[in-house]
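Structure first, then comments.
The first residue in the sequence is number 1, and the count goes up from there. Computed from a predicted model, the values in this text were never measured in an experiment.
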Amino acid sequence: MERVALLRTSGRRILQRCGRPRPLVPAASSGPRRRSISSSSSFSSRGSPSLPSRSRLLAAAAPLHCAGRYWPPYAPGLARRLSVPAVSTSPSPVPHDTDDVHEYAAKLGFEKVSEQVIDECKSTAVLYKHKKTGAEVMSVANDDENKVFGIVFRTPPKNSTGIPHILEHSVLCGSRKYPLKEPFVELLKGSLHTFLNAFTYPDRTCYPVASTNTKDFYNLVDVYLDAVFFPKCVEDFQTFQQEGWHYELNNPEEEISYKGVVFNEMKGVYSQPDNIMGRVSQQALSPDNTYGVDSGGDPNEIPKLTFEEFKNFHSQFYHPSNARIWFYGDDDTKERLRILSEYLDLFEASPAPNESKIMPQRLFKEPVRIAEKYPAGQEGDLKKKYMVCTNWLLSEEPLDVETELALGFLDHLLLGTPASPLKRILLESGLGEAIVGGGVEDELLQPQFSIGLKGVSEDNIEKVEELVMQILKNLAEEGFASEAVEASMNTIEFSLRENNTGSFPRGLSLMLRSMGKWIYDMDPFEPLKYEQPLQQLKARIAEEGSKAVFSPLIEKYILKNAHRVTVEMQPDPEKASRDEAAEKEILKQVKSSMTQEDLAELARATKELKDKQETPDPPEALKAVPSLSLQDIPKKPIHVPIEVGEINGVKVLQHDLFTNDVVYSEVLFDMSSMKKEHLQLLPLFCQSLLEMGTKDMDFVQLNQLIGRKTGGISVYPLTSSIKGKEDPLTRIVVRGKAMSTRVEDLFHLMNCLLQDVQFTEQQRFKQFVSQSKARMENRLRGSGHGIAAARMDAKLNAAGWIGEQMGGVSYLEYLRDLETKIDQEWDKISAALEEMRKSLFSKEGCLINITSDSKNLEKSGQHIAKFLDSLPSAPSLETEPWLSRLPSTNEAICIPTQVNYVGKAGNLYQSGYQLNGSAYVISKHISNTWLWDRVRVSGGAYGGFCDFDTHSGVFSYLSYRDPNLLKTLEVYDGTSKFLKELEIDNDALTKAIIGTIGDVDSYQLPDAKGYSSLMRYLLGITEEERQQRREEILATSVKDFKEFADAVGTVNDNGVVVAVASPDDVEAANKEKAIFSDIKNCL
Ligand SMILES: [Zn+2]
């Protein structure tokens, strides 16, 4: 099931509060999930060719910083591996007969404010105002079938009780027309949505949906409109309790505890040092306006929120007068307005727009310093675990579009690639392990700039700050190298023209961009039109030189700007347990203040809430949520063209797809020709290829050359089980893209990386190790479910073992060990890297995948031939089998956290289960009903779900930011019984089937289609098999659920358990059940 994978990079300022984990699968791919676990170093990180720019104006790709309500599963839709959806990228002009539309709009009470043709997205955009209420509507018409709707309210909080966030969760729990527990979940189960989520920002709340199916799209729109304007939660105290907070007391003898989905979600957020740093920085930069408090909710403050305040907040701000509404895509623009008027006409104008205005923060006269403690573990040297970040609020007034664009450009020059000077020099200084702070951030009212380091020694904190200032001062004085400017320019232009938003709908990316201005009553069209300001900026750079453009910006906005806040974060190994104890103390006092009657009443209320949560909605209520019928579903899987040919004896797969003149290519090599002992070096080997330099070019020059000539190159390992085979799939992937005129350069540069890079940079290698270590530690806290999943896989199959060696706890242990050895053993390491290159890169183990239109495919042939000619030949490939596993014991991985990640998994194929398409439907159903209700709704975890890896047969349960441990395991073990006793009517079954097809047919841009087709080829999934699985999905019956019950039942006794959890919870669990035989302290 896909619940959307987007998210912020670590260390960015926290813009929103759901702080979801980074997507583990890169947006642009839908490869097997092994890849995501074994490698986070793909397109979406490090150098980040597909997301090169970090500021709104430049962000052609998915916004890096919008966290949603529902966390993504660690692999989006296993089903999607089998198929891919249609995509429309044809460049035809937009049809419009606007006169007719405006007349119709006027009749419905909408006044046209402005109409503009936006060439950049081949659209016509009309801004309307609903006359009666003042609601503003942007209607964007084009030929993109991936239609998007969004409604956004300005919701500035006055305190940190998390009202906006709790409300964001709660309005989706039933409404006037859809009076069931969670219409949102019904939509997740049974719609073809390509996007469905909600986000809380510091000052606004967004509700976006997307679908390629028009009927489905309007269903989604209606459920969302009804939810925001007429939610049940404002009358239903229990929803507030469930999503926000409540006291839980199962019987009067026990201790009282806090429960609530947002409460636990935010406890997770407050356990992560990077998040704490981002929050503290933002609050300290703007102490006088709404950004001085936390819209997501501080776990210490959330229990102060009353139901009364919660209701008032809704009636004040969730009003059409305070709304901005967005429609985008190829649907009928009249229908959009008709649907809207039905809702908007029910309201009168309100004073909300004035009450929700965001006041600017006045700039400081003096810099400020702040120190804050964060919960650290006992591992390692605490003195070296400090973090420091310097932040600036750049301006009191909004900036003009050209300045903003130039600042975005400057940001890319400073930090956009590993070769960018601010990033490079900070890391080379050895003062810290990894960068924190996200550079320029311009999605809020006033732009900010942040930069710092983590893994810093206590006595180096001031040095970091001084170095930051020194680097910026030097850059202002000396300017940037012209190659660097050219590289940034090409990267940004490439990204804007490619407009590759991965799995994130393009229309939503545009909406969020536009909203960055619109929400502050500025021009919503302006952010959509980058072409003219970009050309102006280019012309200025050409005429005046880059120094004349960028140096004054650095001077004015950073060096001479006194509104500077330096945040120092101190590791505190006692903080987690102290916070825990403080919470217990408060709860103890609450209990002692209660009479026996009060306690009895609380126990009764606890039970009543649980009963309500566990009682399914009646079928009549469920019927209220509109759904498609099976007739609306295409019977055939989505076709991706593939032609398997050969060039110079090497297999070449070609996908003839329209790509707007971009050529995408993957070059794969067989990993199994490498010595087993080198496995854990592989991720660092990949990074070295990209970031070490050759004989003729240092890595900065090499990096700039890649930036100037291509849209980016990445190198990463790929592993997966193959169904029915013992040996896993193991490849190294070199992935790149370029405009069709630069294909020769692309292959030349790939060749250069593979053959000419020299493994001689000891200091850089050291940096790679400490950065990787910092990244792994961050994942352990923020994506513990991914770490647990990898660990379980490593116990259950060979591909999982390989992945864990290169991306799990084993890898973290390896990195820590390696870090201490580099200086003594560098010659050995360098020789090993060289040996790896020799064994990996040869014509014999090579496969090429290429995606573009037929003309470009044909033209590329000669460049591929040349590339292959230059590859060495290996007379005989020596391959070693990769069949290791970790011992299949139950394991606890202890980290300083207030919430846990609990996993359990087993291999269904080994218990005799034969794959049937119904397994997709059933696993999705288990996640959306049983696990959602028990682990999240009544358990209070932020999430709980299962995943069936059909390649390996591993079925895993996972929970996310979970206050429980043993209780969650009991829920997992109850799954089989749940399925056996399940009564599912036809409507519910149809919904489950349609939702599964939605996953299987998930929306993909052409590069992702070509990549998916490659994966199917490698995994041996034929078109016949895809068709068969689809038919099985469509034919799923109640009988299949019962049969699957036996299969998952085998996990109860044969499965392995891995929990990433707090030491206290692990100890308590072992006292009660002696469940964990292995306990590891990892942080
Ligand atoms: Zn949330």
- With a distance cut-off below 6.0 Å to the six-membered ring centre and an angular limit of 45° from the axis, does R961 pair with Y942 as a cation-pi contact? no

- [ ] Please check if the distance between the ring centroids of F263 and H246 is under 6.0 Å.
- [x] no

* To do: Indicate yes or no for a side-chain donor-acceptor contact from Y972 to the backbone of V902 under 3.5 Å, with no hydrogens or angles considered.
  => yes

Query - Centroid-centroid distance, F327 to F149, less than 6.0 Å - result: yes

*asked:* For K215, is there an ion pair with D632 - N to carboxylate O distance below 4.0 angstrom?
replied: yes

Is it the case that the side chain of D222 and the backbone of N219 share a donor-acceptor pair, with hydrogens and angles ignored and the cut-off at 3.5 Å? no

message = Between E608 and K612 (salt bridge meaning N to carboxylate O under 4.0 Å), is one present in this structure?
response = no

| Donor-acceptor contact present, side-chain T897 to main-chain N900, <3.5 Å | no

Practice task
Could you check F948 against Y920 for ring-ring contact (aromatic ring centres under 6.0 Å, His included), going step by step and ending with a plain yes or no?
Solution key: CA-CA 8 Å; F948 183 32; Y920 297 108; 7.6 Å; no

Exercise. Would T214 and D331 count as having a side-chain donor-acceptor pair, cut-off 3.5 Å?
Worked result: no

Discussion item. We want to know whether T161 and E309 form a side-chain donor-acceptor pair, criterion being a heavy-atom distance below 3.5 angstrom.
Written reply: no

- Item | Salt bridge present between D962 and K967 (N-O < 4.0 angstrom) | no

Salt bridge between E620 and K623, side-chain N to carboxylate O under 4.0 Å? no

Value for CG (D236) from SG (C173), rounded to nearest 0.5 Å, stands at 9.0 Å

Is a side-chain N or O of S959 found less than 3.5 angstrom from the main chain of G944, in a donor-acceptor match?
no

Can you tell me if T205 uses its side chain to pair, donor with acceptor, with the backbone of Y201 under 3.5 Å? no

Residue set satisfying side-chain contact (heavy atoms from CB on, under 4.5 Å) with A1035, at least two apart, ordered chain then number -> none

**Asked** Between Y328 and W326, what is the ring plane arrangement, given parallel below 30°, perpendicular above 60°, and tilted in between?
**Response** parallel

Where does the angle between the aromatic ring planes of F307 and F240 fall among parallel (under 30°), tilted (30 to 60°) and perpendicular (over 60°)?
tilted

Does a donor on one side chain sit under 3.5 Å from an acceptor on the other, for S211 and N213?
-> no

Original post:
Are E248 and K610 ion-paired here, with the side-chain N under 4.0 Å from a carboxylate O?
Top reply: yes

Heavy atoms of L225 and I151 approach each other most closely as CD2-CD1, 4.1 Å

To the nearest 0.5 Å, atom CG of N964 lies from atom CG of D1065 at 8.5 Å

Residue set satisfying ring pair (Phe, Tyr, Trp, His ring centres under 6.0 Å) with Y178, at least two apart, ordered chain then number -> none

Distance-only polar pair, side chains of D298 and S160, donor-acceptor under 3.5 Å: no

| query | Quick check: does any side chain N or O of R324 sit under 3.5 Å from a backbone N or O of V152, one acting as donor and the other as acceptor? | reply | no

Geometric class of the Y224/Y207 ring pair [parallel <30°, tilted 30-60°, perpendicular >60°]:
perpendicular

Exactly one candidate in V228, V234, D226 meets side-chain contact (heavy atoms from CB on, under 4.5 Å) with F230; the answer is D226

Only one of I922, D1001, I1033 passes side-chain contact (heavy atoms from CB on, under 4.5 Å) with T996, and that residue is I1033

Quiz item: Does a donor on one side chain and an acceptor on the other come within less than 3.5 Å for T212 and N146?
Solution: no

Hydrogens and angles aside, do Y957 and D947 bring a side-chain donor and acceptor to less than 3.5 Å of each other? no

Note: E583-K267 ion pair, threshold 4.0 Å (strictly below)
yes

Tightest non-hydrogen contact, residues A621 and P179, listed as CB-O, 4.3 Å

Basic-acidic side-chain contact under 4.0 Å: E243, R936: yes

>> Regarding K232 and E235, does a basic nitrogen lie under 4.0 Å from an acidic carboxylate oxygen?
In response: no

Is it the case that the side chains of H169 and Q242 hold a donor-acceptor pair, with the cut-off being a distance below 3.5 Å and no angle test? no

### Query
Donor-acceptor pair, S321 side chain versus S350 backbone, under 3.5 Å?
yes

Taking L982's backbone N and O only, do any of them form a donor-acceptor pair with K1042's side chain (distance below 3.5 Å, no angle check)? yes

The reported gap from CG in L192 to OH in Y1003 (rounded to nearest 0.5 angstrom) is 14.5 Å

Original post:
Can you check whether Y258 and Y247 have ring centres sitting under 6.0 Å from each other?
Top reply: yes

- Using the benzene-type ring in the case of Trp, are the ring centres of F229 and F347 under 6.0 Å apart? yes

Next on the checklist: Would the distance check show the side chain of R204 and the main-chain N or O of P156 forming a donor-acceptor pair, the cut-off being under 3.5 Å?
Outcome noted: no

Sorted by chain and number, sequence neighbours left out, side-chain contact (heavy atoms from CB on, under 4.5 Å) with K977 holds for E981

When you measure from the side chain of T606 to the backbone N and O of L249, does any donor-acceptor pair fall under 3.5 Å?
-> yes

Rounded to the nearest 0.5 angstrom, the CG-CD1 distance for L628 and I994 is 5.0 Å

*Crowded around D611 CG? As in, over 12 foreign heavy atoms under 6.0 Å?*
yes

